[in-house]
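Report on the structure given below.
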Amino acid sequence: MQTVSEWTCFGGDLSVHEHESETLGCDMRFAVFEPPQTAEEPVPVLWYLSGLTCTWANVMEKSGLQRKASELGVIIVAPDTSPRGKDVPDDEAYDFGQGAGFYLTATEDPWSKHFKMDQYVMEELPSIIRSNFAADMRRQSIFGHSMGGHGALTLALKNPGHFRSVSAFAPIVAPSQVPWGQKAFKGYLGDDEAAWKEYDACELVKQQQLETTILIDQGEDDQFLEEQLQPRLFEEACREAGQPLAIRMRPGYDHSYYFIATFMDDHIMHHAKALYA
C-alpha cells in the first residue's frame, strides 16, 4: 500500500492510498478519514459507497463528513466504485463498466475477471484497513449514495450481523426493475433473472431482515426518482417483511452532493449511535 495524498482536517487525517488488488486484478485507490481519537485508541469504522461515475473523491471533497466524524470518533473509509485501468474492460456509457461496479461479482465475460466489488469491499479492503489503521473492526457500519446506496443495502442484508447499522442517500432499491440495474445485471450476470435477485434489496429483505432500523433519505426533486430509484418499492417490501425502516422524503432536494451534504451529519450520528452502543 502506498500513500498518495494526505491532509490534516478537523484535527484528524484524511489520506488516499493505492494498492494492488488481488481480488480485482488491478491497482485500486481508496480514502480514509481518521478522527483525532485514533491517536489514543482504535475507533469504529463507517464504510461509504459512492454512486455511478464517482471515486473516493466525491464524498471526501463535497460532503463535509470530516467535521462530524471527527467530533464523534468514527473512521470513514471510501472505496472506489469499480476496478479501473487500461487492462480492465470498459464501456462508453457512464452507467456500465469502469465507474459502475454495482457492488456485485460478475459472472459474464469479459467482466468476471475484474468486477468483484462486493468481495473487495467485504474481504480484501477490510483486511487492509485492519492492518494499517487504528480501526476497531468489531464495530462497523455502512452507508452509500445511489448505486452505493444499493451496495450498502445489499451488503448489509446479505451479511446480517456484520454491520451495526445501514443507511442510504437516494439508493437504487429495486435494480431488477429499473433501467440502470437491468442494464448492469444483464451485462454482468447474464439473462438469468434469478441471479439478479441476489443483488436486489427489495428481494433480499424478503429473505433476511436486520434488527437495526434502515435509514433512507430521498430528495423529492431527484431527477432519477421515478425511473431509477422508486423508494416506495423498498418501503412496501420492508413493511411486508417486517423490516424496520425510516424513509424521509426531502422536499426540494435532488440527487446531488448538495443534498448529501445537507443530511450527512444526520447519517453519521445515526451510525455513531449504533457503533458506540
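- With hydrogens and angles disregarded, no donor-acceptor distance shorter than 3.5 Å links the side chain of Trp56 to the backbone of Ser50.
- Between His17 and Phe133, the gap from one ring centroid to the other is short of 6.0 Å.
- Looking at Gln140, its side chain never comes within 3.5 Å of a backbone N or O of Trp47 through a donor-acceptor pair.
- Cation-pi geometry between Lys197 and Phe185 is not met: the NZ or CZ atom fails to fall both under 6.0 Å from the ring centre and inside 45° of the normal.
- Under a 3.5 Å cut-off, the side chain of Ser21 and the backbone N or O of Cys26 do not form any donor-acceptor pair.
- Partner Phe96 forms a ring-ring contact (aromatic ring centres under 6.0 Å, His included) with one of Phe102, Phe115, Trp111 and no other, that one being Trp111.
- In this structure, Thr38 contributes its side chain and Pro35 its backbone to a donor-acceptor pair below 3.5 Å.
- The two atoms that bring Thr23 and Tyr120 nearest to each other are CG2-N, 4.1 Å, heavy atoms only.
- Residue Phe224 is grouped with residue Tyr253 when hydrophobic side chains (ILVMFWY) are merged at heavy-atom distances under 4.5 angstrom, including chains of intermediate members.
- Contacts of Asp87 classified as side-chain hydrogen bond (donor to acceptor under 3.5 Å, both in side chains), with partners at least two apart in sequence or in another chain: none.
- In this structure, the separation between CG on Asp265 and NE2 on His270 is 14.5 Å, given to the nearest 0.5 Å.
- Side-chain contact of Asp200 with Ser176: a donor-acceptor pair under 3.5 Å is present, judged by distance alone.
- Side chains of Met249 and Arg232 form a contact here, defined as non-hydrogen atoms less than 4.5 Å apart.
- Here the side chain of Arg164 pairs no donor or acceptor atom with the backbone of Ser141 at under 3.5 angstrom.
- Under the 4.5 Å side-chain criterion, counting only non-hydrogen atoms from C-beta, Leu210 is in contact with Gln243.
- Between the side chain of Gln98 and the backbone N or O of Val88 there is at least one donor-acceptor pair closer than 3.5 Å.
- No donor-acceptor distance shorter than 3.5 angstrom exists from the side chain of Glu18 to the backbone of Met1, with no hydrogens or angles considered.
- The local environment of NZ in Lys158 is crowded, with over 12 non-hydrogen atoms from other residues, nucleotides or ligands closer than 6.0 Å.
- Cation-pi check for Arg250 over Phe259 is not met; the charged atom does not lie both under 6.0 angstrom from the ring centroid and within 45 degrees of its normal.
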Glu236/Arg239 under salt bridge (charged side-chain N to carboxylate O under 4.0 Å, His left out): CA gap, chis, key distance, verdict: CA-CA 5 Å; Glu236 181 179 349; Arg239 182 171 57 251; 5.1 Å; no
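- Annotation: Arg138, atom CZ; neighbour count of heavy atoms from other residues, nucleotides and ligands within 6.0 Å does not exceed 12.
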